[in-house]
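Notes follow once the structure below has been shown.
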Amino acid sequence: MLADCFARPRFVSAFAIAIFLLLATFGEYVVRIEAERLRVIAQSQVLAEASAIRARLEGELYSTLYLANGLSGYVSAHKTLDPASVKVILSTVFGYGRHLRNIVLAPGNEVRFTYPLKGNEKVIGFRYQDNAEQWAAVKRAMETRTTVLSGPVDLIQGGRGLISRTPVYLLNGDYWGIVALVINFDSLFATINKDRQPAKIAWALRSKDEVGEKGRIIFGNAWLFDHDHVDLSIAVPGGSWELAATPAEGWQTKGKRLIILRIATLLLSGLIAALVFLVLFERIRIQHLALHDSLTDLPNRRLLDDRLERAIAQARRHRDGFSLLYIDLDDFKPINDRLGHRAGDQVLVEIARRLRGALRSNDTVARVGGDEFMLILPGARGSHGAITVAEKLAGIVCQPIGYKGQRLNVSASIGVSTYPENGVTADALISHADNSMYRFKQNRKSPAEANGVQQSGTA
């Protein structure tokens, strides 16, 4: 069954296409695996760079924010603050801060002291309760009794900055107020990005609220968070930040390599599929030449014998019958002798075309000799049906054939045998049909057989 399938050109084409699709699918799988591998490498590189940024950012932040602890301890120990002493303390602390813009002391949540004073005069007397945005952070610091970092916010004195607010409680547990450190936004992130030229990654920061939902953008482009990125969480006092990072040139930096790999797999798939097609098609061609007549393209004697054996086996299995017709052309040799082999070949090709066109798809017509043909008619049980077909074929054969302006005429002597009446083996059926045909040739001038057919029952 499989061998029969491979003998069909349509199946070979479909099989070659299936091979191509299978190999192309496998090639695409390989490309995706490679793309994933390159992506993992890219993600690892981005993650490593982002981790370095996070470490630097945390280092810069906490090196400044820890100063609030010393100030809180000083305030807790001194219930009453002397302005001169406060100025000295604040100036000393300010000197240790790498990114401080100013320091604020706000007893009772009202700003009383700031350092440096110059440029920050507007904050003196500022009450946090009067600013909804800043009051929310102060209130949260009071409720959690921990430092809260917020921002960037618009500053009262102008500009933008990050503000660390630490609630201060006296030794007796009473709430005193707020120690605030205002961090220079530009200075902080300029330090983070220092020595990063050319930048390997693009990155951005945004805050998270208490339930982890996305908050405001702190640094960079918000676009990064809406597209493919790696992310890291950064713990900050009173909350957390989210760092998003992507390659500076995008994730497709290895795109050319994948395109080349994809093209290579497609070309290889096409080449293998083409080779499979050519091998199978050549096999079909060789098999066809071995089993078909080269002139008429009809089955030859070898293929006829195979189909005849199959017809016998099928008829025996289904207790059915079939007929075998043996056709010999009359008046053919004179055409060959008078007009040449080209004219004879034209006659044979035309007769083959007529016979093939007059039969059913499951019938077989084969050329078994120079001007001899044999036909297998499955399902035609008994001589009557076979003789009817033979008479029809005799009429078709004797119609004139045009050749170079001439009308060539041939006729046919047809012998018939039927299974199982005239034999149950191939040799017996062929012998009976052959004898029947020759008997007709010898008696074709008999009026009783003028129709050109020798019945199978005639001796």
Side-chain angles (χ1 to χ4, degrees), residues 57 60-171 174-192 207 216 218-219 236-239:
L57 179 58
E60 294 294 330
L61 273 177
Y62 283 99
S63 67
T64 300
L65 297 180
Y66 88 95
L67 299 174
N69 296 330
L71 280 175
S72 298
Y74 173 81
V75 171
S76 297
H78 297 77
K79 195 170 184 179
T80 302
L81 298 180
D82 174 54
S85 300
V86 168
K87 183 177 180 180
V88 173
I89 293 298
L90 293 184
S91 64
T92 301
V93 172
F94 186 83
Y96 287 105
R98 297 185 57 182
H99 305 290
L100 283 179
R101 173 167 178 170
N102 63 293
I103 304 173
V104 168
L105 296 182
N109 295 332
E110 180 179 344
V111 178
R112 297 283 187 84
F113 305 97
T114 185
Y115 185 90
L117 182 60
K118 185 177 181 179
N120 298 301
E121 295 88 347
K122 289 184 179 181
V123 302
I124 300 298
F126 173 72
R127 300 176 69 253
Y128 288 123
Q129 295 92 327
D130 298 335
N131 185 291
E133 182 180 18
Q134 296 206 31
W135 174 243
V138 171
K139 187 176 180 182
R140 191 160 141 229
M142 294 169 58
E143 292 172 349
T144 60
R145 302 172 73 95
T146 59
T147 299
V148 172
L149 180 65
S150 60
V153 298
D154 294 323
L155 302 174
I156 302 300
Q157 64 272 40
R160 291 171 65 77
L162 301 172
I163 303 178
S164 165
R165 299 180 178 90
T166 302
V168 179
Y169 291 85
L170 300 177
L171 297 177
D174 293 337
Y175 174 71
W176 177 87
I178 292 292
V179 172
L181 304 179
V182 181
I183 298 173
N184 189 313
F185 186 86
D186 295 332
S187 173
L188 174 64
F189 288 102
T191 300
I192 300 304
S207 62
R216 71 173 68 191
I218 298 171
F219 175 83
V236 297

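When reading the values below, keep in mind they use all heavy atoms of this one structure, side chains included, and skip hydrogens, waters and symmetry mates. All values derive from a computational prediction rather than experimental measurement.
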task = With side chain to side chain donor-acceptor pair (under 3.5 Å) as the test, would you mind laying out the steps for Arg165 and Thr147 before giving the verdict?
result = CA-CA 6 Å; Arg165 299 180 178 90; Thr147 299; over 6 Å; no
Taking the side chain from [X] and the backbone from [Y], do they hold a donor-acceptor pair closer than 3.5 Å?
X      : Y      : result
Glu121 : Gly119 : yes
Ser76  : Tyr169 : yes
Thr166 : Ala68  : no

request  = Determine the sole option in Ile178, Leu149, Leu155, Ile183 for which the side-chain contact (heavy atoms from CB on, under 4.5 Å) test with Ile163 is passed.
outcome  =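 The single option meeting the side-chain contact (heavy atoms from CB on, under 4.5 Å) with Ile163 is Leu155.
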message = Quick check on side-chain contact (heavy atoms from CB on, under 4.5 Å): which of Leu181, Asn184, Leu188 does Leu162 satisfy it with?
response =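 It is Leu188, the one option of Leu181, Asn184, Leu188 that forms the side-chain contact (heavy atoms from CB on, under 4.5 Å) with Leu162.
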Give the minimum heavy-atom separation between [X] and [Y], together with the two atoms involved.
X      : Y      : result
Pro83  : Phe113 : CA-CE2, 4.0 Å
Gly161 : Phe185 : CA-CB, 4.2 Å
Tyr74  : Ser85  : OH-CB, 3.7 Å

Side-chain heavy-atom pair [X], [Y] within 4.5 angstrom cut-off:
X      : Y      : result
Val86  : Asp82  : no
Leu61  : Val236 : yes
Val182 : Val123 : no

query = Should the ring pair Phe94 and Tyr115 be called parallel, tilted or perpendicular, given that the plane angle runs from 0 to 90° and is split at 30 and 60?
reply =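 Phe94 and Tyr115: perpendicular rings.
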task = Measure up the Phe126 and Tyr128 rings against each other and bin them: parallel (under 30°), tilted (30 to 60°), perpendicular (over 60°).
result =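 Rings of Phe126 and Tyr128: perpendicular, over 60°.
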How long is the straight-line distance from [atom2] of [Y] back to [atom1] of [X], given to the nearest 0.5 Å?
X      : Y      : atom1 : atom2 : value
Asn102 : Leu90  : CG    : CG    : 10.0 Å
Ser207 : Phe219 : OG    : CZ    : 15.0 Å
Trp176 : Ser72  : CH2   : OG    : 9.0 Å
Trp135 : Gln129 : CH2   : CD    : 4.5 Å
Ile218 : Ser150 : CD1   : OG    : 9.5 Å
Tyr66  : Ser164 : OH    : OG    : 13.5 Å

query = Any side-chain donor paired with an acceptor under 3.5 Å for Ser187 and His99?
reply =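 Present: a donor and an acceptor within the cut-off.
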ask   = Between Asn120 and Thr114, does any side-chain donor sit less than 3.5 Å from a side-chain acceptor?
value =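 On atom types as modelled, these side chains do not qualify, holding no pair under 3.5 Å.
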task = Evaluate side chain to side chain donor-acceptor pair (under 3.5 Å) for Tyr175 paired with Asn109, printing each intermediate quantity in order.
result = CA-CA 10 Å; Tyr175 174 71; Asn109 295 332; 2.5 Å; yes
message = Just to verify, what does Lys122 make a side chain to side chain contact (heavy atoms under 4.5 Å, CB included) with, not counting sequence neighbours?
response =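 Partners of Lys122 by the side chain to side chain contact (heavy atoms under 4.5 Å, CB included) criterion, ordered by chain and then number, come out as Ile156.
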With sequence neighbours excluded, residues passing side chain to side chain contact (heavy atoms under 4.5 Å, CB included) with Thr146 =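 Per chain and number, Thr146 pairs via side chain to side chain contact (heavy atoms under 4.5 Å, CB included) with Thr144.
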key: All pairs passing salt bridge (charged side-chain N to carboxylate O under 4.0 Å, His left out) where residues 86-107 contributes a residue, at least two apart   =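 Listed by first then second residue: Glu60-Arg98.
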ask   = Can Ile103 and Val93 be said to form a side chain to side chain contact (heavy atoms under 4.5 Å, CB included), step by step?
value = CA-CA 9 Å; Ile103 304 173; Val93 172; 3.7 Å; yes
